[in-house]
Amino acid sequence: GCGPAGMTAAIYALRAGRTVLVIEEAAPGGQILFAHEVENFPAFRRISGAELSDRMFQQIMDLGAVIESDRVKQVEKDGEVFKITTDYGSFEGRTVIVATGARPIIPNIPCSRTVYTFEDVLSGKAVPTGRGIVVGGGSQNGVVRNYQFNYNAILNSHGSVWGDWGASPSSDMTAHF
């Protein structure tokens with residue numbers, strides 16, 4: 001994968017003199033592409049997710065990574081070698097680092113309205129109106145809350161709840177989620 005974890009692994013492997021192939025089925029960057037602002041990344045006080053992703057991608061390219069735009073279908077170990085089968089070909093290597101990222105999980109919430117992911121809201125595919133609930137455990141959900149000022153509550157994966165009754169996350173959402 002070519003999100004932040006995959007690109008960081010590629011940087012360290014390339015610096016160690018390894019040949020690196022990164023296979024990514026979508027755009028490089030992963031979910032961080034949707035972050036309007038990243039405040040918790042070393043060396044940057046604030047940077048957009050798209051800019052951070054772009055800089056990381058440029059760094060792995062400058063260091064010599066090979067990028068394949070493809071989808072991995074199967075990984076098998078044959079002795080000391082891993083065989084990776086993709087939609088368009090196959091590759092071999094002695095080491096495989098799996099950095100597949102995450103996909104939003106839409107909870108089964110009984111309601112008469114549509115449930116949106118943070119990606120839908122931040123990319124502009126969905127523009128929720130009125131009151132709602134933001135569910136999630138990442139800083140992107142806090143960003144969505146900041147765009148949608150008329151909210152009921154934020155429920156996160158750690159069991160904490162913030163809502164209209166006064167308490168709210170600070171600007172550093174990652175400290176709270």
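Values reported hereafter were calculated over all heavy atoms of this structure, with side chains retained and with hydrogens, waters and symmetry mates removed. This structure is a prediction, so every number in the text was calculated from the model and none was measured.
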Undergrad: Determine, using the 4.5 Å side-chain heavy-atom cutoff (strictly less than), whether Val75 and Phe91 are members of one ILVMFWY cluster.
TA: yes
Undergrad: Shortest non-hydrogen contact from Ile32 to Leu52?
TA: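 In this case the closest contact between Ile32 and Leu52 is CD1-CD2, 3.5 Å.
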Undergrad: Kindly work out whether a path of hydrophobic side-chain contacts (I/L/V/M/F/W/Y, heavy atoms less than 4.5 Å apart) joins Val66 to Val72.
TA: yes
Undergrad: Surrounding OH of Tyr12 (heavy atoms of other residues, nucleotides or ligands, distance under 6.0 Å), is the total greater than 12?
TA: no
Undergrad: Cut-off 3.5 Å, no hydrogens considered: what does the side-chain donor-acceptor table look like for residues 80-87, sequence neighbours left out?
TA:
residue	atom	partner	partner atom	Å
Lys83	NZ	Asp78	OD2	3.3
Thr86	OG1	Asp70	OD2	2.5
Thr86	OG1	Tyr88	N	3.3
Thr86	OG1	Gly89	N	3.0
Thr86	OG1	Gly89	O	3.0
Asp87	OD1	Arg71	NH2	3.0
Asp87	OD2	Arg71	NE	3.1

Undergrad: Output the distance between atom CD (Glu51) and atom CZ (Arg46), rounded to the nearest 0.5 Å.
TA: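 Atom-to-atom, Glu51:CD and Arg46:CZ are 14.0 Å apart.
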Undergrad: Could you walk me through whether Cys2 and Ile60 pass the side-chain contact (heavy atoms from CB on, under 4.5 Å) test, one step at a time?
TA: CA-CA 10 Å; Cys2 201; Ile60 66 171; 4.1 Å; yes
Undergrad: Met7 and side chain to side chain contact (heavy atoms under 4.5 Å, CB included): which partner among Arg55, Glu24, Met56?
TA: Met56
Undergrad: Where do Gly29 and Pro4 come nearest, in terms of heavy atoms and distance?
TA: O-CD, 3.4 Å
Undergrad: Taking all atoms of both residues into account, what is the closest heavy-atom pair of Gly1 and Val22, and its distance?
TA: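 Closest pair (atom of Gly1, atom of Val22, distance): O-CG1, 3.6 Å.
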Undergrad: Just do the side-chain contact (heavy atoms from CB on, under 4.5 Å) check on Ile23 and Leu21 with the steps written out, would you?
TA: CA-CA 6 Å; Ile23 303 172; Leu21 167 68; 4.0 Å; yes
Undergrad: For Gly49, is there any backbone N or O sitting under 3.5 Å from a side-chain donor or acceptor partner on Ser53?
TA: no
Undergrad: Test of understanding: clusters of I, L, V, M, F, W, Y form through side-chain heavy atoms closer than 4.5 Å, transitively. Do Val96 and Val20 belong to the same one?
TA: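 Shared cluster, no.
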Undergrad: Could you tell me if Gln58 and Asp62 have a donor-acceptor pair between their side chains, going purely by distance under 3.5 Å?
TA: yes
